[in-house]
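Shown below is the structure under consideration.
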Amino acid sequence: MHKPIKYAEKALSYLANGAWTVFAAANKIKPNPAFTPKWSDKPLLKSWQKSKPPLGWPRATDSLCPRCIPEIRQKIVDGEVDYKILLKEPVGEIKAQIIERDGKILMVKDCPKHGHFEDVMAIDTAFFRHLEEVFPGRDIPAHNDDKLHNHGSSTIRHGRGSVLTVDLTNRCNMMCDPCFMDANQVGFVHELTWDDIKTLLDNAISIKPRRQMSVQFSGGEPTLSPYFLDAIRYSRKVGYNSVQAATNGIEFAKSTEFCRQAAEAGLRYAYLQFDGIGNAANSHRAVGNLFDIKLQAIENLHSAGVDIVPVTTIINGINNEQVGAIIRFALDNPKKIPFCSFQPVSFTGRDEAVTDERRAAQRYTLAHLAHDVKDQTGMGEPVRDWYPISFMSTFSDFADLIHGPAADWGQLSCGCHPNCGIGFAVMCDKETKEAVPVTAFLNADRLAKDIAQLTDAARGKAMSGVGVALALMRNYDSFQAPTHFKLSDMLAKFDKCFRITNRNYGSVSGNRTRADIEKRRADRWNFLFIAGMWFQDLFNYDFRRTEQCIIPYATQEGEISFCAYNTGVGWRNIIEKMHMTATLTKWYDEHGRHEIVAGGKRLEFGDVHHSLILREDDVFRGAQDDLDKAGIAKTARDEKRRSRDEKLKDAAHNAKMAKLYREHVLKEKPAPEGFVPVNNLIAPAPPKKSESREEVGSFGD
């Protein structure tokens, strides 16, 4: 039985629908031209002016050979070839086809030298089609960017991006598999100086369109940098209102004081490595009590005023069964978890030389994610509830219009390729824990079209505000909304995100206070956004995705697409070697070795104290063992170990066969015990080496 207010809101939706018909017809009369805002030298785009890459299938695109690229990259790193060849020539580039086969979407390509390659892009063709059909188009072309965007075929050409990533150091206090940057294993230290950090941040705000970007400090482990806190402060000073840290949480778990200092410096989000619920589910990271570390880090950070985003690298057969458990954890703790980010594995870094067998077994796509969420939580219809994250750019365009030409920054616009990232929003009641997909009670497709019409008409703030209120009301279904959720809550949520009115929801600017943080947290409704971001590797690389990257890396050689930096041509390896701080030997001599928690060792930091709600079944579920049962290697280390064991086995077999050949074909007499045959003579066998030494992993092994 619905509450009376639900019926009143339903009637209001019908009235708004009728009013919208009149409003929309009037709004189409003599639309205003787009203005050029202060943060761009090009005008705002009308919806029909937005360009799109080739979509659908079958289609052709430009890709890379998974074998040619590592070869040429190594020659550049070794100094045999000048890196500028990447700016002038299509090194390692080959054509690829995106096709449908057996109900799946595949990328297939052929290299004249290395042969045929193919990989899965989606396991659900209807889902893949939906994402591409609702893609609204690219952002304003990047301009005033010649000094920072000059990377040949890898150059970013559209928009400004959403998150500027700055790697403070390549040092890390863990030895993870997978690791897209191969931290602790490259033989040298690359760590930004304070002048480097300021220069990168200053350069970033010179590019237009100057979007409202977040800055994410990453690594390695960014908290190991001596300039971590200073970098946060400086970011807020120059105008970035969302400063993040991509972290494993170890330093935050160890010290509440460090969390307080980070929050006071201006850290807004901790993007916390979080691969499952329970220590067993995280065991593939080779830290004995890693889940305990995560819980303590969440408690410490939240208490200090920092919001936490669990970030999960999803690997088929390793932890894909944890998708539902992680979402349940977020829904059970809505006051502390506002966002979940899932990142399907990218075979790069330590995993670039992955075998075909392991790649096929571990490959995980965005379509896998959508179906796992539905199967493991019962929520989220893949085609109804999931959208490309670029879908939100329609709403960002409207906010740009509302804020007018005098705004210093444009709104955050996630204008990436529809194959890059997806999102699914859930409205969660922090008091009752009731959770409902937003698209179950809000017609997202029609709302986006309505909002685009308002933006195209380019009216003043007042008329546009009336229009967006009508659009929200007519697309709202009160009967499908959470029990205690009201239409006024929906309007307030939209306003809180896009700041259309002047209502104070708590500042997010550089001068925000703890009171601002608590005011924003006091909202009863948690708009839990579940995102999937699939970074490319050499087996599914598409330059059409690279061109409109929204997560550029700031480096000494300009700003480079996330995928071009970590995968693709692999600019990371080249730039870090070009600008390396010191060899490991020199670094150790001057700074000593930092602690690395690996090999299943536990981090000792005292008892865990937290107020998070955990489900026993999820915590004690144990590690996923699909690959063990199939006899497939889990990591690059496992593959190397298996390869070594196979070689030893082959060598032993060959030695045995050689011995039999000598004895039975050549009729040689077997050597006495303790002697070996040497050039047909009998000589004493060399003493055996000690087998007592254990294999120990350390920074730089």
Side-chain angles (χ1 to χ4, degrees), residues 39-40 44-45 47 50-53 55 130-142 156-165 204 207-216 240-242 244 246 268-269 271 309 311 338-344 366 369-370 385-401 403 409-425 438-439 444-445 447-448 451-452 455 493-494 496-499 508 527-536 542 544-553 559 561-563:
W39 46 268
S40 173
L44 300 181
L45 295 174
S47 61
K50 290 192 166 191
S51 65
K52 295 183 180 182
L55 299 173
H130 162 67
L131 296 180
E132 295 195 341
E133 285 179 347
V134 298
F135 172 59
R138 296 159 166 155
D139 194 10
I140 300 171
I156 297 172
R157 306 183 190 281
H158 302 276
R160 179 59 193 91
S162 302
V163 181
L164 179 73
T165 308
I207 292 179
K208 292 186 177 181
R210 187 165 70 175
R211 286 291 184 190
Q212 181 193 14
M213 286 191 308
S214 302
V215 175
Q216 183 173 106
Y240 300 107
N241 73 2
S242 179
Q244 311 165 1
R268 186 174 173 190
Y269 291 107
Y271 272 59
V309 178
V311 179
F339 195 112
C340 287
S341 178
F342 293 96
Q343 298 178 355
L366 296 175
L369 175 63
D385 295 328
W386 290 90
Y387 285 82
I389 57 175
S390 48
F391 184 74
M392 291 302 296
S393 65
T394 296
F395 301 88
S396 302
D397 294 340
F398 177 75
D400 285 334
L401 170 69
H403 291 137
W409 293 74
Q411 294 299 292
L412 183 146
S413 182
C414 299
C416 58
H417 193 286
N419 299 161
C420 291
I422 58 175
F424 164 42
V438 171
T439 39
D445 287 344
L447 177 63
I451 297 295
T455 306
K493 271 295 179 188
F494 193 91
K496 185 178 180 181
C497 288
F498 297 101
R499 296 178 293 150
V508 295
F527 186 87
L528 176 67
F529 193 70
I530 301 167
M533 197 72 192
W534 188 21
F535 299 116
Q536 303 179 85
D542 185 346
R544 302 296 81 76
R545 291 176 59 181
T546 304
E547 293 168 350
Q548 56 189 99
C549 176
I550 62 169
I551 311 179
Y553 267 87
E559 293 188 11
S561 153
F562 187 103
C563 292

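When a residue number appears, it is its place in the shown sequence, counting from 1. None of the values given here were measured: they were computed from a predicted structure.
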Roughly how far, to the nearest 0.5 Å, is CD of Gln343 from CE of Met533?
8.5 Å
Quick one: pull up CG in Leu55 and CZ in Arg544 and give me the separation to the nearest 0.5 Å.
11.5 Å
So Cys549 and Cys416, do their side chains get closer than 4.5 Å, heavy atoms only?
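No; the side chains remain at least 4.5 Å from each other.
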Is the shortest side-chain heavy-atom distance between Val309 and Cys340 below 4.5 Å?
no
Do Asp397 and Thr455 pair up side chain to side chain, a donor and an acceptor below 3.5 Å, judged on atom types alone?
no
Between the side chain of His417 and the main-chain N/O of Glu547, is any donor-acceptor distance below 3.5 Å?
no
Would a 4.5 Å heavy-atom cut-off, applied to side chains only, mark Arg210 and Arg160 as touching?
no
Just verifying a value: how many Å separate Tyr387 OH and Ile422 CD1, rounded to the nearest 0.5 Å?
12.5 Å
His403 and Gln411: side-chain donor and acceptor closer than 3.5 Å?
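Their side chains do contain a donor-acceptor pair, which is all the 3.5 Å distance test asks for.
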Hey, are the side chains of Phe424 and Val438 touching, using non-hydrogen atoms and a 4.5 Å cut-off?
no
If you define the side chain from C-beta out and look only at heavy atoms, does anything of Asp400 sit under 4.5 Å from Arg211?
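Yes - at least one pair of side-chain heavy atoms lies under 4.5 Å apart.
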Ignoring hydrogens and angles, tell me if any N or O in the side chain of Ser162 forms a donor-acceptor pair with the backbone of Ser413 under 3.5 Å.
yes
Provide the closest heavy-atom pair for Thr394 versus Ala448 in the form atom of the first, atom of the second, distance.
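Nearest heavy atoms, Thr394 then Ala448: CG2-O, 3.5 Å.
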Would you confirm whether the ring centroid of Phe562 sits within less than 6.0 angstrom of the ring centroid of Phe535?
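Here the rings of Phe562 and Phe535 have centres that are less than 6.0 Å from each other.
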Verify the ring-centre separation between Trp409 and Tyr240: is it less than 6.0 angstrom?
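Yes, close enough.
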Stepwise side chain to side chain contact (heavy atoms under 4.5 Å, CB included) test for Gln244 and Val163
CA-CA 9 Å; Gln244 311 165 1; Val163 181; 4.0 Å; yes
Return the minimal non-hydrogen interatomic distance between Ser393 and Lys50, and the atom names on each side.
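Heavy-atom minimum between the residues: OG-NZ, 3.9 Å.
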Asn419 versus Gln536: any side-chain heavy-atom pair under 4.5 Å?
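No, side chains not in contact.
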So, taking the atom named CG in Leu366 and the one named CH2 in Trp534, what distance separates them when rounded to the nearest 0.5 Å?
6.5 Å
So CZ of Phe527 and SG of Cys497: to nearest 0.5 Å the spacing works out to 6.0 Å
Scanning both residues in full, the closest heavy-atom pair of Gly159 with Ala142 reads O-CB, 3.5 Å
What's the shortest heavy-atom distance between Gly423 and Ile389, and which atoms?
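So the minimum-distance heavy-atom pair works out to N-CG2, 3.8 Å.
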Considering all heavy atoms of both residues, which atom of Phe135 and which atom of Lys52 are nearest to each other, and what is their separation?
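Minimum heavy-atom separation between Phe135 and Lys52: O-NZ, 3.1 Å.
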Does any part of the side chain of Phe395, heavy atoms only, come nearer than 4.5 Å to the side chain of Leu447, both counted from C-beta?
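Answer yes - side chains close enough.
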Intermediate values then yes/no, side chain to side chain contact (heavy atoms under 4.5 Å, CB included), Asn241 and Arg268
CA-CA 8 Å; Asn241 73 2; Arg268 186 174 173 190; 4.3 Å; yes
With rounding to the nearest 0.5 angstrom, report the CZ to SG distance, Phe391 to Cys414.
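One finds 13.0 Å between CZ of Phe391 and SG of Cys414.
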Minimum heavy-atom separation for Pro552 and Gly161, please, with both atom names.
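Looking at all heavy atoms of both residues, the closest pair is CD-CA, 4.3 Å.
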Go through Asp139 and Arg157 one step at a time and tell me if the salt bridge (Lys or Arg N to Asp or Glu O under 4.0 Å) criterion holds.
CA-CA 10 Å; Asp139 194 10; Arg157 306 183 190 281; over 6 Å; no
Within-4.5 Å side-chain heavy-atom neighbours: Tyr271 and Gln216:
yes
